[in-house]
Amino acid sequence: MKLFFNTSLLFSLFGLLLITLPVKGQLPATQSTQIKTVQPKIMVIPFAKEGEDIRTVLESDFNKQIAVAKVKEAFDGRGFTTVDFTTSLKRAVTSGVFTKGKSQTDLQTEIAQMGGADIFVSVNSNVSSCGNANIFRVILEGNDTSTGNSLSNKIGDSPCNATPDLGKLAQKAIEACIEDFLNVMNRKFDDIVQNGVPISINVGLGEGASISDLGHEISQKPISELIEEWFAKNAYKNDYNVAFATDVKMLIDPVKIPLRDQSNQTNYNATKFSREFEKYLQSLGLKTNRVVNRNQVFITIK
Amino acid sequence: MGMKKDKILLFLLLVFLVNACRTVVPRAEVNFINSRDGVIYVRSNGYGTNRFTLQDNAERTAIEILLYRGIPGSQQNLPLVSEEYQAKFRGKPGYIKNLLDAEAKKYRQFITRSEPVTKMKSIRVRGEGFIDGSFKPTKIQEFEIGINLPSLRRDMEANNVIRGFGY
């Protein structure tokens, strides 16, 4: 009898081990003790007016291509890899070809097809005359795509020169301002490293939602108040802002989240943070749908 | 007429004597000239007693200003070292102290050019290390210094004094 029980216990323990191992074990091929912070995706593009196609603007003017390439070279010089606009566009088009024929018109597909980056650096250029010579002038603007925050802005001028080689002047104009541009941008990154990444969270009611408005009370408190209390408690360093709140919509922009999970120092992002928020809404008895596009989160209460 | 001439001569002599030995407070004077291929060229005043100390002082001052103040008009018009790092480590043993050490002269690794652009001038200087009211004669000379900024930045990133670009 004693032997039977000992054997049963042994088998139970072995079974438990077999069940837990595949869940907790990491793939041997990807094992590493180092954690590398996820870097922002930065894309350098030429400035395009409303209605203008960026690709057409870039391909129609070789001097603009030189200016864009010079900016990308400066990022490379700092050891940072940017994302090429044309290649990203080709990828997006290719994905479109593969999913052609399948009816996917929801927001998720549209966002995926847009491609894009966390930060766009726009290069606006102009040639003006100075006597019998030319000045090449550039405006560099770096903006966060999710929040619209301006990260860096610089104006650069080439020397006044009679050379017909405008490409050379374009390079001089970029050289005049790019290092300072990158320094200012990196200072903003210092703030992000210390005080968190700004993300935005849109909460709205879907068609036929189970509640009529965000003033609906749960545990004697309106949902909008419960939402704000959650962000007050969970925003990194209590840094959040309710941009607006109506009966059917609420925008929390920005709310700061850390780059690293403070409990285990792994990379942290808007997807993980918004998942926790979604779980909270679900704990209130609400059904939700969540869409995440980089640092923009859209939560729909169904 | 004779008296008037004497007064004018006396006045001119007085002006000459006052300006012959100006008393200046030593201060960092680093002015941006231009930059090429990432190297920043500046004019820096060196204070010392001979041509070697003058040059060392000018080079050290240029690097120090770049680290703690930035150089207006240049591609590094913000301090290279953050205010936070300065508050924690300035004056304490560490990378910056080694870099600026007068004996080791590590900062010279990042100097690409160091040429005098003015002649040595004698001045009377009131400054650190002097007892109030006493003066020690010294010299001043301006140098054109070239600093290899990308190389200095990479070295500081490798030694975790500054963050690399990005998060």
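All chains are named by letter (A, B, ...) in the order of the sequence lines, taking the proteins before the strands, and each is independently numbered beginning at 1.
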*Asks:* Taking every non-hydrogen pair under 4.5 Å, which of A/M185, A/R78, A/K188 racks up the most with chain B?
*Replies:*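 Most pairs with chain B among the choices: A/R78.
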*Asks:* Please indicate whether A/N238 has more than 12 foreign heavy atoms, meaning atoms of other residues, nucleotides or ligands, lying under 6.0 Å from its CG.
*Replies:* yes
*Asks:* Nearest 0.5 angstrom please: A/N183 CG to B/R153 CZ, how far?
*Replies:*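 Rounded to the nearest 0.5 Å, the CG-CZ separation comes out at 5.0 Å.
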*Asks:* Counting heavy atoms not belonging to B/D37, are there more than 12 under 6.0 Å from its CG?
*Replies:*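 12 or below, so no.
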*Asks:* Inspect the surroundings of CZ in A/R137 and state if more than 12 heavy atoms from other residues, nucleotides or ligands are less than 6.0 Å away.
*Replies:*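 Count not over threshold, so no.
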*Asks:* For B/K106, does the NZ atom sit with more than 12 other heavy atoms under 6.0 Å from it, leaving out its own atoms?
*Replies:* yes
*Asks:* If you define the side chain from C-beta out and look only at heavy atoms, does anything of B/Y167 sit under 4.5 Å from A/I192?
*Replies:*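 Touching, per the 4.5 Å side-chain cut-off.
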*Asks:* Return the option, out of A/V193, A/V38, A/D190, A/L259, with the maximum number of heavy-atom pairs under 4.5 Å with chain B.
*Replies:* A/D190
*Asks:* Is the number of heavy atoms from other residues, nucleotides or ligands within 6.0 Å of NZ (A/K154) greater than 12?
*Replies:*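 Yes, enclosed.
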*Asks:* Quick check: are there more than 12 heavy atoms from other residues, nucleotides or ligands sitting under 6.0 Å from CZ of A/R275?
*Replies:* yes
*Asks:* Can you tell me how far apart CZ (A/R187) and OG (B/S82) are? Round to the nearest 0.5 Å.
*Replies:* 7.0 Å
*Asks:* Please say whether more than 12 non-hydrogen atoms of neighbouring residues, nucleotides or ligands are located less than 6.0 Å from NZ in B/K7.
*Replies:*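 Atom NZ in B/K7 is not packed in, count stays at 12 or less.
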*Asks:* I need the residue from B/Q75, B/Q76, B/R154, B/E157 with the largest number of non-hydrogen atom pairs under 4.5 Å to chain A.
*Replies:*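 Sorted descending by pairs with chain A, the first entry is B/Q75.
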*Asks:* Name the region of A/I178, side chain, backbone, both or neither, that has any atom closer than 4.5 Å to a heavy atom of chain B.
*Replies:*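 Looking at A/I178, nothing touches chain B.
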*Asks:* Which one of A/F75, A/F181, A/F189, A/F80 has the most heavy-atom pairs closer than 4.5 Å to chain B?
*Replies:*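 Most heavy-atom pairs within the cutoff with chain B belong to A/F189.
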*Asks:* Distance check, rounded to the nearest 0.5 Å: B/S35 atom OG versus A/E175 atom CD?
*Replies:* 8.0 Å
